[in-house]
Amino acid sequence: MRTHSASSLRGHLLIATDSLRNSMFRRSVVFLCAHSPAGAMGLVINRPARDMTIEDLVPGYERPTGTPPLAEPIHAGGPAEVERSFVLHSCDYHDSEETLEVTPTFAMTATNRILRDLVAGRGPKRRLVALGYAGWGDGQLDAELRDNAWFTVAAEPDLVFAAADETKWRGAIAAIGIDPAALSGISTQHGHA
């Protein structure tokens with residue numbers, strides 16, 4: 001079993017184990033944007049939100065003529081601040097005031113400006129838009145990891161951005177070398193990277 005220091009899970013995926021089967025995080029995959037001794041913040045990347053579009057998040061903003069509508073789903077990023085939007089994206093976009101570079105491959109921005117840029121066709125090439133986030137207080141995530149509630153694996157862009165939502169949990173489990181069909185009874189390991 002491999003353990004992580006408190007700062008090393010930033011840019012990793014948390015993959016819900018069977019111990020969370022009766023919780024709101026059942027079969028969730030969470031991208032960790034921040035993780036420190038003071039807490040953690042992440043976005044659930046495999047739960048589509050209610051029927052809405054990115055354009056619905058910026059009412060009154062009109063798409064420029066000739067720009068195609070955005071049909072990508074909005075995700076339910078977690079139970080905290082569910083009316084606020086967060087965009088997990090590739091690092092080809094940067095808002096100097098609000099973009100958090102998570103890794104050299106992933107960034108996160110939480111402003112209306114990025115939503116307007118997406119509608120106008122100027123946003124990042126790869127992105128996932130979420131409403132709300134998942135948060136953990138001081139030591140809470142580390143305790144859940146010790147209790148085997150989550151597997152971990154370094155995030156890969158194709159799994160985060162390109163995979164269909166319904167395949168992300170299985171894909172993340174497979175990325176750590178576990179057959180998803182064999183998971184019942186294997187919730188005693190975590191910390192894979």
Side-chain angles (χ1 to χ4, degrees), residues 2 4 7-18 20 25-35 40-49 51-55 57 67-78 85-95 98-110 114-115 117-119 121-134 141 145 149-183 186 189-193:
R2 188 167 160 190
H4 297 278
S7 63
S8 68
L9 290 180
R10 184 172 155 156
H12 280 67
L13 298 177
L14 297 177
I15 309 154
T17 67
D18 268 355
L20 293 175
F25 289 105
R26 182 181 185 276
R27 293 212 168 179
S28 286
V29 179
V30 179
F31 179 91
L32 276 180
C33 299
H35 181 224
M41 180 270 184
L43 301 172
V44 177
I45 63 166
N46 66 327
R47 297 265 189 258
D51 290 332
M52 62 184 334
T53 67
I54 291 172
E55 292 181 27
L57 298 177
T67 305
L70 296 172
E72 61 201 70
I74 304 296
H75 290 78
S85 57
F86 298 85
V87 182
L88 179 62
H89 56 87
S90 50
C91 289
D92 56 340
Y93 178 92
H94 187 79
D95 178 325
E98 296 294 331
T99 297
L100 167 68
E101 184 177 303
V102 180
T103 71
T105 308
F106 294 98
M108 192 269 300
T109 305
I114 191 172
L115 298 174
D117 285 346
L118 287 172
V119 171
R122 295 188 304 263
K125 291 189 182 358
R126 302 186 93 179
R127 69 279 181 138
L128 183 142
V129 179
L131 288 175
Y133 69 91
L141 179 57
L145 288 165
W150 304 96
F151 293 110
T152 63
V153 67
E156 291 296 327
D158 284 343
L159 180 62
V160 172
F161 299 122
D165 290 330
E166 63 274 7
T167 66
K168 288 179 181 177
W169 185 83
R170 287 182 165 289
I173 290 290
I176 58 176
I178 295 175
D179 177 3
L183 257 188
I186 302 185
Q189 300 176 16
H190 77 277
H192 295 277

Can you see which heavy atom on [X] is nearest to which on [Y], and at what distance?
X: Val160; Y: Lys168; answer: O-NZ, 2.9 Å
X: Pro124; Y: Leu118; answer: CD-CD2, 3.7 Å
X: Asp95; Y: Thr99; answer: N-OG1, 2.8 Å
X: Leu43; Y: Ala130; answer: CD2-CB, 4.4 Å
X: Ser90; Y: Asp92; answer: OG-OD1, 2.5 Å
X: Asp179; Y: Ile173; answer: C-CG2, 4.5 Å

| message | So, applying side chain to side chain contact (heavy atoms under 4.5 Å, CB included) with Phe31, which one of Val102, Leu128, Leu159 is it? | response |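 The single option meeting the side chain to side chain contact (heavy atoms under 4.5 Å, CB included) with Phe31 is Val102.
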| Salt bridge flag under 4.0 Å for residues Arg126 and Asp158 |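 Salt bridge: yes.
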Measuring from atom [atom1] of [X] to atom [atom2] of [Y], what distance do you get when rounded to the nearest 0.5 angstrom?
X: Phe161; Y: Lys125; atom1: CZ; atom2: NZ; answer: 13.0 Å
X: Trp169; Y: Ile45; atom1: CH2; atom2: CD1; answer: 13.5 Å
X: Trp150; Y: Leu32; atom1: CH2; atom2: CG; answer: 8.5 Å

| message | Could you go through Met41 and Leu100, starting from their C-alpha distance and side-chain angles, then the distance that decides it, and tell me whether this counts as side chain to side chain contact (heavy atoms under 4.5 Å, CB included)? | response | CA-CA 12 Å; Met41 180 270 184; Leu100 167 68; over 6 Å; no
| query | Between Asn46 (side chain) and Arg27 (backbone), is there a donor-acceptor pair under 3.5 Å? | reply |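 Yes; at least one donor-acceptor contact below 3.5 Å.
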| request: Verify, without hydrogens or angle tests, whether Thr103 (side chain) and Thr105 (backbone) share a donor-acceptor contact under 3.5 angstrom. | output: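 Yes, because the side chain of Thr103 sits within donor-acceptor range (under 3.5 Å) of the backbone of Thr105.
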| Please walk me through it: do Tyr93 and Val87 pass side chain to side chain contact (heavy atoms under 4.5 Å, CB included)? | CA-CA 11 Å; Tyr93 178 92; Val87 182; over 6 Å; no
| Which word best sums up how the rings of Tyr133 and Phe86 line up, parallel for under 30°, tilted for 30 to 60°, or perpendicular for over 60°? |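 The arrangement is perpendicular - the two ring planes meet at more than 60°.
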| Yes or no on side chain to side chain contact (heavy atoms under 4.5 Å, CB included) for Ile114 and Arg127, after CA distance, side-chain angles and deciding distance? | CA-CA 11 Å; Ile114 191 172; Arg127 69 279 181 138; over 6 Å; no
| task | Would you indicate whether the side-chain heavy atoms of Leu20 and Ser28 approach each other to under 4.5 Å? | result |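 A side-chain contact under 4.5 Å is absent here.
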| query | Just wondering, do Leu131 and Leu57 contact through their side chains at under 4.5 Å, heavy atoms? | reply |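 Contact flag for Leu57/Leu131 side chains = yes.
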| task | Might you work through the side chain to side chain contact (heavy atoms under 4.5 Å, CB included) test for Leu115 and Ser85, ending with a clear yes or no? | result | CA-CA 9 Å; Leu115 298 174; Ser85 57; 3.2 Å; yes
| query | Looking at residues at least two apart in the chain, or sitting in another chain, which of them share a side-chain contact (heavy atoms from CB on, under 4.5 Å) with Ala175? | reply |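 In terms of side-chain contact (heavy atoms from CB on, under 4.5 Å), with neighbours along the sequence ignored, Ala175 is linked to Val153.
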